[in-house]
Amino acid sequence: MKRTTATFLMILGATLGAWADGVYNVRDYGAMGDGQTLDSPAINAAITAAERNGGGQVLLPAGTYLSGSIRLKSNIDLHLAAGCTILAAPASMKAYDESESFGGFPEYQDGGHTYFHNSLIWAEGQTNVSITGHGMIDCKGLTKKDTEKAGQLQGGSIGTGDKAIALKLCRQVTIRDITIYRGGHFAIIMTGCDLSTIDNVTIDTNRDGFDIDCCKYMTVTNCRINTPSDDALVLKSSYALKKPVTTEHIAVTNCNITGFKCGTLLDGTYVPEPVGWVCGRFKLGTESNGGYRNIALTNCTFMYSSGLAFEEVDQGRMENIVVSNITMSHVHHYPIYITTGCRNRGPKEVTQPSSARDIQISNVVADDCDSLCSIIVTGMPGEPLRNVWLSNIRLQFEGGGARELVNKDYREQGTNYPEPRFAGQTPAYGLYARHVEGLHVSDVTFRYRRPDFRPAVVLDDVRDATLRHIDAPTEEGVRQVVTFRSSDIKM
């Protein structure tokens, strides 16, 4: 009896201490941190206590915390101390919340973009939330498959988790200093979130790294994102909020994007992984109902990854995009890709075409680029891309293209999935542009390692084009610049 009383007084004292300094240690709420005991109930109890008292820091000290769903609340800083690991529980423990109902509204995006509650850490409609500290989130128990449909899990049982961090309709979000390893379908997905800061985060995962969907006023800085099997840093504007919402005012700077074998960024061996689908890359799309506006990407490096992809194919508008100071080595598939299309994955009542304008890319250096594709800039018949600037760019390709490719009937984007891999080699080895109005290219250098018998530049239905200071070799008998249809070019 005396021991029970003493224990109670100890817990009461710890609780009173937490109220006093605003720090809620999860061990005071029953967490063991031994990697064997399911600690998410204790973590959630600490969050509830902090919320009840107006907020505070929920502290996970050094240890391994086996966990199912953690429900983050307003005014809570979930702090992972150095030496702390949150270990995602296996599906057999049924420790994850059931994915919520979408309300019977048609889904125009994959389940991973639609459902949030079946995640390791999630929040919806919360304000002033943060996940900080030098600890790790190891998502060993999550699935990397998109298995959800209409609030249920297909091919798996209820209780399966598929995302490391999922935040929806939250404001004033901070994620800083943490490391995420093998993060499930998405290591981080944020949908409809405003006023957010992501800084000094390391992600080493086997699907998408960081998806920013229908968000505004966000900075992403000083992050390292390794994604050998999928996209690294992706901006989207899906229909997950049941309406088109523009992703806008996003600034990304000082980030490293790589495609090493999963885990080898963290252990320092940096093993390149042969790519079959995509790897790495910074992308806008493909979900693009609401469009993109006022996006800046600066001072970033890419290694063993695809490059830059700007894809507006779902009837949104893509405008005011600025990219500068980018270096790439060992580029899979393409270094720069800008396109619109008419996949139109959204309500049939929406009739406006996809559009893109005012895109500026400068100060890019890339070596060992795949011979598959050059810089690709393609609009649609009757709806050209408008005002694209490419300047101070130096690209070195593998080369090896055949002479007859210049006359290739390169597929229109149309309703196809916007991935150049499916279209095959481009007619030019350096720059291929079609259906563009206002293309301004200056101080661009192209080189190839093996002889390439394609022209350096092919323009097809391009109006108001300016090419200045293009340094590009060609093989004997091959023209440097080839134009088709009603292209209008100034040299």
Side-chain angles (χ1 to χ4, degrees), residues 35 64 80 85-88 90-91 112 120 134-147 161-165 175 177-189 198 200-211 220 222-234 252 254-283 300-309 326-335 337 365-373 396-398 419-422 449:
T64 299
L80 284 56
T85 297
I86 297 178
L87 179 63
L120 181 59
H134 293 280
M136 175 184 287
I137 301 172
D138 182 350
C139 300
K140 180 180 180 180
L142 299 185
T143 178
K144 63 180 183 179
K145 298 179 180 179
D146 184 18
T147 55
D162 75 345
K163 292 174 281 287
I165 299 173
I175 303 176
D177 298 332
I178 64 170
T179 295
I180 301 175
Y181 175 41
R182 47 190 174 188
H185 189 181
F186 300 119
I188 303 175
I189 182 169
I198 315 300
N200 195 35
V201 171
T202 300
I203 298 174
D204 192 345
T205 189
N206 42 20
R207 282 294 305 271
D208 276 17
F210 186 13
D211 280 31
V220 181
N222 308 312
C223 293
R224 295 148 299 278
I225 306 174
N226 184 61
T227 53
S229 303
D230 220 318
D231 298 320
L233 181 52
V234 192
V252 179
N254 297 346
C255 293
N256 308 135
I257 290 173
T258 55
F260 298 116
K261 185 176 180 180
C262 184
T264 67
L265 179 74
L266 292 181
D267 69 19
T269 56
Y270 308 120
V271 178
E273 174 125 76
V275 65
W277 166 232
V278 296
C279 70
R281 79 178 169 184
F282 174 84
K283 184 173 79 166
C300 292
T301 69
F302 295 69
M303 175 74 78
Y304 288 106
S305 73
S306 298
L308 309 171
I326 304 295
T327 69
M328 307 180 192
S329 288
H330 311 297
V331 182
H332 293 294
H333 301 147
Y334 51 82
Y337 176 46
V365 175
D367 61 40
D368 191 23
C369 299
D370 198 316
S371 60
L372 175 72
C373 298
Q396 183 260 323
F397 295 91
E398 274 295 295
E419 180 57 48
R421 175 173 176 261
F422 301 135
R449 190 177 66 83

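All values below were derived from every heavy atom in this structure, side-chain atoms included, with hydrogens, water molecules and symmetry-related copies excluded.
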Could you list the residues that satisfy side chain to side chain donor-acceptor pair (under 3.5 Å) with T327, not counting sequence neighbours?
none

Is there a side-chain contact between L266 and M136 in this structure, where contact means two heavy atoms from C-beta onward sitting under 4.5 Å apart?
yes

For N200 and H134, work out which heavy atoms get closest and say how close.
ND2-CE1, 4.4 Å

Using only atom types and a distance under 3.5 Å, with no angle test, would you say the side chain of T205 pairs donor to acceptor with the backbone of A187?
no

List the steps and the verdict of side chain to side chain contact (heavy atoms under 4.5 Å, CB included) for F302 and I326.
CA-CA 8 Å; F302 295 69; I326 304 295; 3.5 Å; yes

Heavy-atom side-chain proximity of I137 to L80 below 4.5 angstrom
yes

Between R207 and K145, the two heavy atoms sitting closest are NH1-CA, 4.3 Å

What is the minimum heavy-atom distance between A232 and I257, and which atoms define it?
CB-CG2, 3.5 Å

Hey, are the side chains of M328 and D367 touching, using non-hydrogen atoms and a 4.5 Å cut-off?
no

Test side chain to side chain donor-acceptor pair (under 3.5 Å) on D370 and H333; report intermediate values, then the result.
CA-CA 5 Å; D370 198 316; H333 301 147; 5.0 Å; no

Taking every non-hydrogen atom, the tightest pair across P228 and G259:
CB-O, 3.7 Å

Rounded to the nearest 0.5 Å, what separation is found between the CD1 atom of I198 and the CZ atom of F210?
4.0 Å

Kindly indicate whether the side chain of Y304, heavy atoms from C-beta on, has any atom under 4.5 Å from the side chain of Y270.
no

Rounded to the nearest 0.5 Å, what separates atom OG in S306 from atom CG in D230?
10.5 Å

With Y337, which residues qualify under side chain to side chain donor-acceptor pair (under 3.5 Å), at least two apart?
Q413

Nearest-0.5 Å distance, SG of residue C223 to CD1 of residue I180
9.5 Å

For D204, the salt bridge (Lys or Arg N to Asp or Glu O under 4.0 Å) test, sequence neighbours excluded, returns none

Drop me the distance from H185's NE2 to K163's NZ, to the nearest 0.5 angstrom.
7.5 Å

Derivation and outcome, side chain to side chain donor-acceptor pair (under 3.5 Å), residues D162 and T143:
CA-CA 5 Å; D162 75 345; T143 178; over 6 Å; no

Checking T202 now: which residues fulfil side chain to side chain donor-acceptor pair (under 3.5 Å) with it, not counting sequence neighbours?
R224

Residues passing the side chain to side chain donor-acceptor pair (under 3.5 Å) test with R182, sequence neighbours excluded, are D138

When every non-hydrogen atom of K283 is compared with those of D231, the smallest separation belongs to NZ-OD2, 2.9 Å

Among I189, D208, T227, which residue meets the side chain to side chain contact (heavy atoms under 4.5 Å, CB included) test with V234?
D208

Quick check: do E419 and Y334 have side-chain heavy atoms less than 4.5 Å from each other?
yes

Decide yes or no for F397 and C369: does some side-chain heavy atom of the first lie under 4.5 Å from some side-chain heavy atom of the second?
yes

Step by step, work out the side chain to side chain contact (heavy atoms under 4.5 Å, CB included) result for I178 and I165.
CA-CA 12 Å; I178 64 170; I165 299 173; 3.9 Å; yes

Run the side chain to side chain contact (heavy atoms under 4.5 Å, CB included) test against A88 and tell me which residues pass, sequence neighbours left out.
Y96, L120, C139, L142

Yes or no on side chain to side chain donor-acceptor pair (under 3.5 Å) for S229 and N206, after CA distance, side-chain angles and deciding distance?
CA-CA 6 Å; S229 303; N206 42 20; over 6 Å; no

For a quick test of reading the model, state the closest non-hydrogen atom pair linking D177 to V201 and the distance between them.
N-CG2, 4.2 Å

Are F260 and M303 packed together at the side-chain level, in the sense that at least one heavy-atom pair is separated by less than 4.5 angstrom?
yes

